[in-house]
Amino acid sequence: DAEITQSPRHKITETGRQVTLACHQTWNHNNMFWYRQDLGHGLRLIHYSYGVQDTNKGEVSDGYSVSRSNTEDLPLTLESAASSQTSVYFCASSDGGTDTQYFGPGTRLTVL
Amino acid sequence: QKEVEQDPGPLSVPEGAIVSLNCTYSNSAFQYFMWYRQYSRKGPELLMYTYSSGNKEDGRFTAQVDKSSKYISLFIRDSQPSDSATYLCAMSGVQGAQKLVFGQGTRLTINP
């Protein structure tokens, strides 16, 4: 069955370190998204991609970057982790025909 | 002011009750409306998808959209303990544009 996976599921890091969160989907979807979920804010869009080599900034992109070298993967990099980036991160993908997005299980990131 | 407002709850009701969950929005361009269900420590999963105004029913769930009032609702009939989850509304303006705006989510508990 097609799926979307995220790794690691839990991560603890220190302020200033670079961190990369992986997202892999086997749906063969062109569109992929990264969100963060925080209490009181719901899901907020960080970055998104409509296809290979395409990346776009979302609502809360400062301090984050993505690259899309193939259809299946959209890794999210925190260039210099800050405590404000402690959150749960969700990756999602969609086929572009509708707005239905399929979400991964999430990565819980703690920045100390 | 947020584009999409959703009462975060928490909401606690007895098993068998009818549950009403609501979102209001400010952007009149929104035409596609979704409800996602999110169990604890899981990713959101699509529950209902509707276009423009009107009702859509799927088993015990009914989604209602009133574009004139910029108000959407999700009704759950004969609620079950397995319905206990966080429910997020989401919406977008252009099909395929893929940029969803989410409400904060309402945490619902169904008590046996």
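The figures here come from the full heavy-atom set of this structure, side chains too, leaving out hydrogens, waters and symmetry mates. Order of the sequence lines fixes the chain letters, A, B, ..., with proteins taken first and strands second; residue numbering starts at 1 for each chain.
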> Which bit of Pro8(B) is near chain A, if near means a heavy-atom gap under 4.5 Å: side chain, backbone, both or neither?
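Neither part.
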> Quick one: CZ on Arg41(B) to CZ on Arg9(A), what's the gap to the nearest 0.5 Å?
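The CZ atom of Arg41(B) sits 9.5 Å away from the CZ atom of Arg9(A).
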> Quick check for you: to the nearest 0.5 Å, what is the distance between Leu46(B) atom CG and Ser94(A) atom OG?
11.5 Å
> Hydrophobic side-chain clustering at under 4.5 Å (ILVMFWY, transitive links): who's grouped with Val52(A)? Put none if nobody.
none
> Does CZ in Arg77(B) sit with more than 12 non-hydrogen atoms of other residues, nucleotides or ligands closer than 6.0 Å?
yes
> Side chain, backbone, both or neither: which part of Arg44(A) has a non-hydrogen atom closer than 4.5 Å to chain B?
neither
> Can Val66(A) be reached from Tyr48(A) by stepping across I, L, V, M, F, W or Y side chains whose heavy atoms are under 4.5 Å apart?
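Result: no, two separate clusters.
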> Tell me the residues of residues 103-112 of chain B whose non-hydrogen atoms fall below 4.5 Å from those of chain A, in number order.
Gly103(B), Gln104(B)
> Is Trp27(A) linked to Phe33(A) within one hydrophobic cluster, defined over Ile, Leu, Val, Met, Phe, Trp and Tyr using a side-chain heavy-atom separation of less than 4.5 Å?
no
> Is it true that, when you exclude Lys57(A) itself, more than 12 heavy atoms of the residues, nucleotides or ligands shown sit nearer than 6.0 Å to its NZ?
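No, NZ of Lys57(A) has 12 or fewer neighbouring heavy atoms, counting only those of other groups under 6.0 Å.
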> Considering residues, nucleotides and ligands other than Lys67(B), do more than 12 of their heavy atoms fall under 6.0 Å from its NZ?
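Yes, the 6.0 Å shell around NZ holds more than 12 heavy atoms from other groups.
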> Quick check: under 4.5 Å, non-hydrogen atoms only, which of residues 103-112 of chain A neighbour chain B?
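Hits under 4.5 Å: Phe103(A), Gly104(A), Pro105(A), Arg108(A).
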> Can you name the residues of residues 76-83 of chain A that have some heavy atom under 4.5 Å away from a heavy atom in chain B?
none
> Are Met91(B) and Tyr49(B) connected into the same hydrophobic cluster when the rule is that any two of I, L, V, M, F, W, Y join if their side-chain heavy atoms are below 4.5 Å apart?
no
> Can you list the steps and then say if Thr86(B) with Gln37(A) is a side-chain contact (heavy atoms from CB on, under 4.5 Å)?
CA-CA 12 Å; Thr86(B) 296; Gln37(A) 187 173 37; 5.7 Å; no
> Side chain, backbone, both or neither: which part of Gln38(B) has an atom under 4.5 Å from a heavy atom of chain A?
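Only the side chain of Gln38(B) comes within 4.5 Å of chain A.
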> What about Tyr35(A) and Val101(B), same hydrophobic cluster or not, with Ile/Leu/Val/Met/Phe/Trp/Tyr joined at side-chain heavy-atom distances under 4.5 Å?
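As far as the 4.5 Å side-chain criterion goes, Val101(B) and Tyr35(A) are not connected within one cluster.
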> Tell me whether Leu11(B) shares a hydrophobic cluster with Phe102(B), the cluster being built from Ile, Leu, Val, Met, Phe, Trp, Tyr side chains joined at under 4.5 Å.
no
